[in-house]
Amino acid sequence: MQGKIPIVHFSLERTLKCGQTFRVFEKDGWFLYPYGNSVVALKQNGNTLEYKVFGVPLSEEAVRNLLGLNDDIETINNELAQRVSGFAKVIDKTLGIRIMRQVPFETTVSFMFSVQSAIPLIRRRLNVLSELAGEKIDTPFGAFYTFPESRNLRKLSDSEVQSLKLGFREKWFREFIERYDENALTEVSRMPFSEKERALLKIKGVGIKVAHCIMLFSMNELSAFPVDVWIKRGMEELFSVKGTTKKVTEKGREMFGKYAGYAQEYIYYYIRKRRGAEGGT
DNA sequence: TGACAGGAAAATA
DNA sequence: TATTTTCCTGTC
């Protein structure tokens, strides 16, 4: 299962490395991304995106949707540049980033694990988890593991859970897999914005930042605006906006409107690149 | 080795 | 309701 997709205004590398996803691997010039019960191999050559799917087949449309290729990026960028003066220069330096449409259950666990943690540590925890309870998929690029299903997460032994080194997050994770499954998160993803936010905030270990990450990266809410330390730095440096996470979240959504999530990714990438953090290219 | 990085929840004012 | 404190693992 493979194909080529013509693309414009798209950077595969920036999209996969801007912090919205953790489990992406690089091999032989390809990016490998476990997605549901598939592994997607992706490679960009200029205006062509080449893909191969292993495990459960995916349509070209599914691959496009996953990578945000159905978003009308010119309209989005014009809207953002028009609403906020001075933002065009940020867009210029971050061109090609798309918001992915990931799996809600996996995204929730991923960002719960991300609390007070740096990206390499988050990635390690998720990879250990997938190797412990995910399905192995063999590809010509090597073997990769799918993100585990909730019923398999519940079978993990205490020592296996402890091997994730979750620290104070461990009790959140245990409670989460006890009380929630894929269907529960799919239900949430069908709610309108405010109800989604409220439902997500009920999950222990999910605060306002994580809730907005889940909505933006896996629940099709392009107006969500996750605020972490990098966004706080960026919003202060670029727009002199400062305050609590809640205040900056509200201000960002108000400033940028229905595509605030795209603005957030641009700011995140822009600031991290400037500070030389991991993930900037 | 001690300072620092990184959000949510509980405690406190 | 707003602010402070506590919680863990890992890097430098």
Side-chain angles (χ1 to χ4, degrees), chain A residues 17-24 102 104-132 153 156-180 184-185 188 194-219 221 224-237 241-254 260-261 264-265 267-280:
Chain A
K17 289 183 157 186
C18 67
Q20 60 185 321
T21 192
F22 302 103
R23 294 187 67 233
V24 57
Q102 304 182 73
F105 184 76
E106 173 177 356
T107 305
T108 303
V109 173
S110 298
F111 285 93
M112 180 181 287
F113 283 10
S114 83
V115 172
Q116 287 271 87
S117 304
I119 291 174
L121 174 59
I122 303 162
R123 183 177 296 140
R124 201 177 319 146
R125 288 173 178 148
L126 292 169
N127 287 338
V128 169
L129 189 66
S130 301
E131 285 166 30
L132 281 173
L153 290 177
L156 290 171
S157 68
D158 283 359
S159 66
E160 285 174 326
V161 173
Q162 282 156 17
S163 74
L164 299 171
K165 307 273 187 196
L166 292 174
F168 58 80
R169 307 155 198 84
E170 189 176 310
K171 60 181 185 297
W172 301 340
F173 176 63
R174 288 182 185 278
E175 185 177 322
F176 178 70
I177 59 177
E178 184 71 28
R179 313 238 296 229
Y180 292 84
L185 273 290
V188 174
S194 304
E195 287 180 39
K196 272 195 184 99
E197 189 179 38
R198 213 174 318 146
L200 291 171
L201 290 174
K202 282 185 191 158
I203 302 171
K204 292 282 185 197
V206 176
I208 186 167
K209 185 270 184 180
V210 170
H212 279 246
C213 284
I214 297 165
M215 290 192 286
L216 180 60
F217 303 139
S218 72
M219 294 185 174
E221 290 289 354
F225 193 81
V227 172
D228 67 357
V229 288
W230 293 95
I231 297 302
K232 282 186 182 167
R233 288 168 191 151
M235 289 294 280
E236 176 162 9
E237 198 171 305
V241 170
K242 48 185 162 180
T244 61
T245 298
K246 191 165 179 228
K247 288 266 182 240
V248 178
T249 303
E250 284 163 5
K251 184 69 185 170
R253 283 171 48 79
E254 184 186 309
Q264 187 271 359
E265 279 306 282
I267 294 166
Y268 183 86
Y269 190 85
Y270 178 81
I271 290 292
R272 283 177 67 94
K273 190 161 93 168
R274 290 238 324 254
R275 305 280 181 104
E278 194 224 357

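All chains are named by letter (A, B, ...) in the order of the sequence lines, taking the proteins before the strands, and each is independently numbered beginning at 1.
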Next on the checklist: Once rounded to the nearest 0.5 Å, what's the spacing between atom NZ of A/Lys209 and atom CZ of A/Phe111?
Outcome noted: 5.5 Å
Item to check | Atom pair distance, as rounded to whole Å: CZ in A/Arg123 and C1' in C/dT11 | outcome: 15 Å
Checklist entry - Do A/Phe22 and A/Phe113 have their ring centres less than 6.0 Å from each other? => result no
Checklist entry - NZ of A/Lys171 versus C1' of C/dT9: gap in Å, rounded? => result 14 Å
Next on the checklist: When you measure from the side-chain N and O atoms of A/Lys204 to the phosphate of B/dA10, is any distance below 4.0 Å, counting only OP1 and OP2?
Outcome noted: yes
Item to check | Below 4.0 Å: OP1/OP2 of C/dT9 and any side-chain N or O of A/Lys165 | outcome: no
Item to check | Within 6.0 Å of CD in A/Glu178, more than 12 heavy atoms from elsewhere | outcome: no
Checklist entry - Does the ring of A/Phe168 lie flat against the base of C/dC7, closer than 5.5 Å centre to centre with planes under 30°? => result yes
Checklist entry - Whole Å only: how far is the CZ atom of A/Phe113 from the C1' atom of B/dA8? => result 15 Å
Item to check | Nearest-Å distance for atom pair CZ/P, residues A/Arg272 and B/dA5 | outcome: 13 Å
Checklist entry - Would a 4.5 Å heavy-atom cut-off, applied to side chains only, mark A/Ser218 and A/Leu185 as touching? => result no
Checklist entry - Which residue lies toward the 5' end of DNA chain C, A/Leu121 or A/Gln116, if each is placed at its nearest nucleotide? => result A/Gln116
Next on the checklist: Could you tell me how far apart A/Lys209 (NZ) and B/dG6 (C1') are, to the nearest whole angstrom?
Outcome noted: 9 Å
Checklist entry - When you measure from the side chain of A/Ile208, which nucleotide among B/dA8, C/dT3, C/dC7 comes out closest? => result B/dA8
Next on the checklist: If I take atom CZ in residue A/Arg169 and atom C1' in nucleotide B/dG7, what distance separates them, rounded to the nearest angstrom?
Outcome noted: 9 Å
Checklist entry - Any Lys/Arg nitrogen of A/Glu170 or A/Arg174 sitting under 4.0 Å from an Asp/Glu carboxylate oxygen of the other? => result yes
Checklist entry - Checking all strands, does A/Ile203 fall into the base, sugar-phosphate, or nothing category for heavy-atom contacts under 4.0 angstrom? => result sugar-phosphate
Next on the checklist: If I take atom NZ in residue A/Lys246 and atom P in nucleotide C/dT1, what distance separates them, rounded to the nearest angstrom?
Outcome noted: 9 Å
Checklist entry - Any side-chain N or O of A/Trp230 under 4.0 Å from OP1/OP2 of B/dG6? => result yes
Next on the checklist: Can you measure A/Lys202 atom NZ to B/dA9 atom C1' for me and round it to whole angstrom units?
Outcome noted: 18 Å
Next on the checklist: Taking the minimum atom-to-atom distance to the side chain of A/Val210, which one of C/dC7, B/dA8, B/dG6 wins?
Outcome noted: B/dA8
Item to check | Proximity to the side chain of A/Arg125 - top-ranked nucleotide from C/dT9, C/dT3, B/dG6 | outcome: C/dT9
Checklist entry - Taking OP1 and OP2 of B/dG6, is either one under 4.0 Å from a side-chain nitrogen or oxygen of A/Arg233? => result yes
Checklist entry - With respect to the phosphate group of C/dT11, does any side-chain polar atom (N or O) of A/Arg124 fall under 4.0 Å of OP1 or OP2? => result yes
